[in-house]
Amino acid sequence: MRKKLIAGNWKMNLDITESRELAKTILEKTDKKYFEYTDVLLCPTFVSLNAVEDVIKDSQILLGAQNLSYENNGAYTGEISASMLKVIGCEYAIIGHSERRKYFGENDEIVNKKIIKALEFDLKPILCVGETLEERNSGKQNEVVENQLIKGLKDISDLNNVVIAYEPVWAIGTGQNATPQQANEMHKHIRSVIAKLYNQNNADNIKILYGGSLNDKNCKELLSESDIDGGLIGGASLKADSFIEIIKATQP
């Protein structure tokens, strides 16, 4: 059975003090028994990584980054390298989030280079894929996601440390949401693509998260679906009680 993963993507929210307080509250309210079935990951802003790490360092809660550079070091103003993230305690990195693609021009080639770099430094990449509303309405969602997977995973032979997050772009921060059936259908499609690109064992074992406005109100329905292995949580991860309810929804 695949272990669930609930990842909080705090995006560009919370200063250092607020991040520390939220991490502390989540830690205090997360029953240790939950970790038997579920990994819990916090992804604060770069400036708050150290503060959050100080809070969770002796716990089972994991630390992740929201992005990284595909370069090792050098004259790249404003960038953060994989080695810097590793040293500070990160175990995961979100790569190719739709907001990175939309606002910062990241394409599949850039995403692929970042995934390769993350793996090189033993960071587990969370590869984000998903279609726009226009693409879904035109029936191209499977084609779009398959293409993102093919290009994003180019030259990557080992999927043991790769996580995929399906985030329908039309359901992020809009209040809209894919139905549990729509989400699970896409997750099944992603597994079929992985089986085709790699093998059935990889398809059966890779974690696929849902990342489209998942919250404490809809989490039980979504997380009970057969191929949804957790969530990449945005707004609901900024409130400790909501985030804990989502973690609870993964328990058997």
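With sequence neighbours excluded, no residue satisfies side-chain hydrogen bond (donor to acceptor under 3.5 Å, both in side chains) with Q141. Every residue meeting the side-chain hydrogen bond (donor to acceptor under 3.5 Å, both in side chains) condition with T250, not counting sequence neighbours, appears here in chain and number order: T38. Checked against side-chain hydrogen bond (donor to acceptor under 3.5 Å, both in side chains), E79 has no partners two or more places apart in sequence or in another chain. Not counting sequence neighbours, the partners of E109 by the side-chain contact (heavy atoms from CB on, under 4.5 Å) test are N107, K113. For A183, the side-chain contact (heavy atoms from CB on, under 4.5 Å) test picks out A178, Y210, L222, I228, with sequence neighbours left out. Remark: E167 engages no residue in a salt bridge (Lys or Arg N to Asp or Glu O under 4.0 Å) (not counting sequence neighbours).
In this structure, the separation between CD1 on I208 and NE2 on H189 is 10.5 Å, given to the nearest 0.5 Å. A distance of 11.0 Å separates OG1 of T179 from CG of N218, quoted to the nearest 0.5 Å. Note that the CG atom of N215 and the OG atom of S237 stand 11.5 Å from one another [nearest 0.5 Å]. Separation of atoms CD1 (I156) and OH (Y198) is listed at 6.0 Å; rounding is to 0.5 Å. Annotation: the span from H187 atom NE2 to S226 atom OG amounts to 10.0 Å, rounded to 0.5 Å. The line from CZ of F243 to SG of C219 is 11.5 Å long, rounded to the nearest 0.5 Å.
Between the side chain of Q251 and the backbone N or O of K248 there is no donor-acceptor pair closer than 3.5 Å. Using a distance-only test at 3.5 Å, with no hydrogens or angles considered, no donor-acceptor pair links the side chain of N112 to the main chain of D108. Of the possible polar contacts, none joining the S48 side chain to the T45 backbone as a donor-acceptor pair under 3.5 Å is found.
If you check the side chains of E245 and S242, you find no donor sitting under 3.5 Å from an acceptor. Side-chain contact, W170 with E131: a donor N or O sits under 3.5 Å from an acceptor N or O. Looking at N201 and N199, their side chains never bring a donor and an acceptor atom within 3.5 Å of each other.
E185 CD: 12 or fewer foreign heavy atoms inside a 6.0 Å radius.
Here the side chains of I95 and N67 are not in contact, with every heavy-atom distance at 4.5 Å or above. Using a 4.5 Å heavy-atom threshold, the side chains of I164 and I126 count as separate. Between N50 and I16 the shortest side-chain heavy-atom distance does not fall below 4.5 Å. For the pair K11 and H97, the minimum side-chain heavy-atom distance is below 4.5 Å. Looking at C43 and W10, their side chains never come closer than 4.5 Å, going by heavy atoms from C-beta outward. Considering only heavy atoms from C-beta on, E18 stays 4.5 Å or farther from L22 through its side chain. Using a 4.5 Å cut-off on side-chain heavy atoms (C-beta onward), L62 and I56 make no contact. Contact check for I94 versus N9: side-chain heavy atoms found under the 4.5 Å cut-off.
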Test Y37 against M1 for side chain to side chain contact (heavy atoms under 4.5 Å, CB included), laying out the working first. CA-CA 9 Å; Y37 300 99; M1 187 178 76; 4.1 Å; yes

I would like to know whether I6 and L41 meet side chain to side chain contact (heavy atoms under 4.5 Å, CB included); could you show each step before the answer? CA-CA 6 Å; I6 298 298; L41 172 66; over 6 Å; no

Give the C-alpha distance, both sets of side-chain angles, the deciding distance and a yes or no for side chain to side chain contact (heavy atoms under 4.5 Å, CB included) between M186 and V145. CA-CA 9 Å; M186 181 58 79; V145 169; 3.8 Å; yes

Tell me, with the steps shown, if L159 and L153 meet side chain to side chain contact (heavy atoms under 4.5 Å, CB included). CA-CA 9 Å; L159 292 184; L153 295 172; 4.1 Å; yes

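Using a 4.5 Å cut-off between side-chain heavy atoms of Ile, Leu, Val, Met, Phe, Trp and Tyr, with links allowed through other members, L5 and I26 fall into different hydrophobic clusters. Y70 and V111 fall into different hydrophobic clusters, defined by Ile, Leu, Val, Met, Phe, Trp and Tyr side-chain heavy atoms under 4.5 Å apart, directly or through other members. Hydrophobic clustering (side-chain heavy atoms under 4.5 Å, transitive across Ile, Leu, Val, Met, Phe, Trp, Tyr) keeps V144 apart from L209. Connection of I246 to V163 is not established within any shared hydrophobic cluster, with ILVMFWY side chains joined at heavy-atom distances below 4.5 Å, either directly or through further cluster members. A continuous path of ILVMFWY side-chain contacts below 4.5 Å connects I88 to L14, so both sit in one hydrophobic cluster.
Taking both residues in full, the closest heavy atoms of A65 and F46 are given as CB-CE2, 4.1 Å, listed atom of the first, atom of the second, then distance. Between L223 and K4, the shortest heavy-atom distance links the atoms O-NZ, 3.5 Å. The shortest non-hydrogen separation linking C128 to L232 is SG-CD2, 3.8 Å. Of all non-hydrogen atoms in V162 and I206, the two that sit nearest each other are O-CG1, 3.4 Å. Taking every heavy atom of both residues into account, L68 and A82 meet most closely at CD2-CB, 4.2 Å. Closest approach of K3 and F35 over heavy atoms only: NZ-O, 2.9 Å.
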Do any side-chain atoms of residues 115-125 form donor-acceptor pairs under 3.5 angstrom with protein atoms, and if so which ones, sequence neighbours left out?
unit_1 : atom_1 : unit_2 : atom_2 : d
K117   : NZ     : N72    : OD1    : 2.9
K117   : NZ     : E120   : OE1    : 3.1

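For E106 and R100, the salt-bridge test passes: some basic side-chain N is under 4.0 Å from an acidic carboxylate O. Using a 4.0 Å cut-off between a side-chain N of Lys or Arg and a carboxylate O of Asp or Glu, E134 and K140 do not qualify as a salt bridge.
The salt bridge (Lys or Arg N to Asp or Glu O under 4.0 Å) analysis of residues 213-234, with sequence neighbours excluded, yields the pairs R2-D229, K188-D227, R191-D227, R191-D229. Screening residues 142-154 for side chain to side chain donor-acceptor pair (under 3.5 Å) gives E146-K196 as the qualifying pairs, with residues at least two apart or on separate chains. Residue pairs meeting the side chain to side chain donor-acceptor pair (under 3.5 Å) criterion with at least one partner in residues 25-36, sequence neighbours excluded, are K29-D241. Every pair passing side chain to side chain donor-acceptor pair (under 3.5 Å) that includes a residue from residues 81-94 is listed here, sequence neighbours excluded: S81-S83.
Here V47 is tied to no hydrophobic group at all, with no ILVMFWY side chain closer than 4.5 Å.
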